[in-house]
Amino acid sequence: MSKKEIEQDLLVQLRTAFAAGDWQKTKAIYDSMQEFVKKKASIRVEATSLYARALAAQKDRSGARALLKKIGDEEYPKAVHYDFLARAYLDVRNYKEVMRCCERAVVLQEAEQPPKK
């Protein structure tokens with residue numbers, strides 16, 4: 001498998017484990033993705049947001065907040081990245097950051113839309 005196929009496979013596994021509420025598996029997969037998390041912002045924001053949400057689901061909001069603090073100040077090129085962040089911030093009840101992420105997503109989404117005739 002190529003590196004791209006491996007990272008995509010790990011993301012699918014992470015999403016599946018998170019959706020199933022398998023927090024231990026979510027952590028194990030996130031831990032195994034660190035090479036990709038460090039190198040690619042798109043993977044970093046999605047994977048870290050999912051793991052932060054898993055921590056919040058386990059009532060470890062301080063651990064989730066610490067993870068989000070590491071990625072929350074970065075600038076991301078796509079609205080979907082802010083969608084991941086907003087959901088994670090919502091799970092830790094940081095409504096100010098939810099609003100900021102949603103506002104940024106709107107700006108990026110509008111910029112991606114072709115002008116209306």
Side-chain angles (χ1 to χ4, degrees):
M1 285 176 82
S2 72
K3 265 192 165 184
K4 182 151 183 79
E5 290 171 326
I6 292 169
E7 72 186 31
Q8 289 304 312
D9 182 56
L10 286 169
L11 268 175
V12 168
Q13 289 180 43
L14 183 70
R15 292 172 187 145
T16 302
F18 176 81
D22 189 340
W23 310 134
Q24 270 53 47
K25 189 171 184 180
T26 301
K27 179 188 184 332
I29 295 166
Y30 178 75
D31 288 344
S32 74
M33 297 178 73
Q34 290 310 299
E35 172 189 346
F36 303 110
V37 167
K38 290 177 183 174
K39 292 181 180 178
K40 284 186 95 174
S42 61
I43 292 175
R44 181 171 43 258
V45 70
E46 181 177 1
T48 305
S49 293
L50 285 174
Y51 183 48
R53 293 181 68 199
L55 288 173
Q58 296 174 83
K59 307 294 186 226
D60 183 3
R61 286 191 184 89
S62 63
R65 285 185 190 104
L67 274 177
L68 292 172
K69 187 173 184 164
K70 292 179 182 180
I71 64 168
D73 291 335
E74 290 184 47
E75 289 291 320
Y76 299 102
K78 296 183 178 179
V80 69
H81 299 134
Y82 290 96
D83 182 82
F84 294 129
L85 280 171
R87 290 170 189 258
Y89 280 123
L90 187 60
D91 285 359
V92 296
R93 298 182 181 133
N94 186 336
Y95 305 117
K96 185 176 180 181
E97 286 299 311
V98 172
M99 285 180 26
R100 180 187 67 83
C101 290
C102 289
E103 288 168 353
R104 185 70 183 134
V106 167
V107 168
L108 289 170
Q109 188 176 40
E110 287 175 350
E112 293 172 2
Q113 301 296 325
K116 293 183 181 178
K117 295 180 181 182

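Values below: every heavy atom of this structure, side chains too, minus hydrogens, waters and symmetry copies. Numbers here are sequence positions counted from 1.
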**OP:** Would you give the length of the straight line joining atom NZ of K69 to atom CG of L67, rounded to the nearest 0.5 angstrom?
**Re:** 12.5 Å
Original post:
Of the non-hydrogen atoms in A64 and A52, which two are nearest, and what is the gap between them?
Top reply: CB-O, 3.2 Å
**OP:** Answer yes or no: is there a donor N or O on one side and an acceptor on the other, between the side chain of E46 and the main chain of S42, under 3.5 Å?
**Re:** no
Original post:
Of all heavy-atom pairs between V98 and A86, which one has the smallest distance, and what is that distance?
Top reply: CG2-O, 3.6 Å
Original post:
How long is the gap from NZ on K27 to OG on S32, to the nearest 0.5 Å?
Top reply: 10.5 Å
Subject >> Separation between CD1 of I29 and OG1 of T16, rounded to the nearest 0.5 Å >> reply: 7.5 Å
Subject >> Partners passing ring pair (Phe, Tyr, Trp, His ring centres under 6.0 Å) against F36 (at least two apart in sequence or in another chain) >> reply: none
**OP:** Would you mind checking if E103 and R100 are paired as a salt bridge, meaning a charged N to carboxylate O distance below 4.0 Å?
**Re:** no
Original post:
Are M99 and V106 in one and the same hydrophobic cluster, where Ile, Leu, Val, Met, Phe, Trp and Tyr link if side-chain heavy atoms are under 4.5 Å apart?
Top reply: no
Subject >> Contact list for residues 85-109, test ring-ring contact (aromatic ring centres under 6.0 Å, His included), sequence neighbours left out >> reply: none
**OP:** Would you mind telling me which of Y51, Y30, F84, W23 makes a ring pair (Phe, Tyr, Trp, His ring centres under 6.0 Å) with F18?
**Re:** W23
**OP:** Of all the heavy-atom pairs spanning L85 and C101, show the shortest one and how long it is.
**Re:** CB-SG, 3.7 Å
**OP:** Calculate, to the nearest 0.5 Å, the distance between atoms CD and CE belonging to E7 and M1 respectively.
**Re:** 10.0 Å
**OP:** Taking all non-hydrogen atoms of both residues into account, name the closest pair between E112 and A79 and its distance.
**Re:** OE2-N, 4.0 Å
Original post:
Are any of the side-chain nitrogens in R87 or D83 under 4.0 Å away from the carboxylate oxygens of its partner?
Top reply: yes
**OP:** State whether the number of non-hydrogen atoms from other residues, nucleotides or ligands found under 6.0 Å of D31 atom CG is greater than 12.
**Re:** yes
**OP:** For T26 and L14, work out which heavy atoms get closest and say how close.
**Re:** O-CD1, 3.4 Å
**OP:** To the nearest 0.5 angstrom, please state how far the CG atom of L55 sits from the CG atom of L50.
**Re:** 11.0 Å
Subject >> Non-neighbouring partners of Y76 that pass ring pair (Phe, Tyr, Trp, His ring centres under 6.0 Å), sequence neighbours left out >> reply: H81, Y82
**OP:** Answer yes or no: is there a donor N or O on one side and an acceptor on the other, between the side chain of R65 and the main chain of V92, under 3.5 Å?
**Re:** yes
Original post:
Roughly how far, to the nearest 0.5 Å, is the CD atom of E5 from the CD atom of Q8?
Top reply: 9.5 Å
**OP:** Check A88 against R53 and note the closest heavy-atom contact, atom names and distance.
**Re:** CA-CG, 3.5 Å
Original post:
Is the closest side-chain heavy-atom distance between R61 and R93 below 4.5 Å?
Top reply: yes
Original post:
Looking at E75 and R104, does any basic side-chain N land under 4.0 Å from a carboxylate oxygen?
Top reply: yes
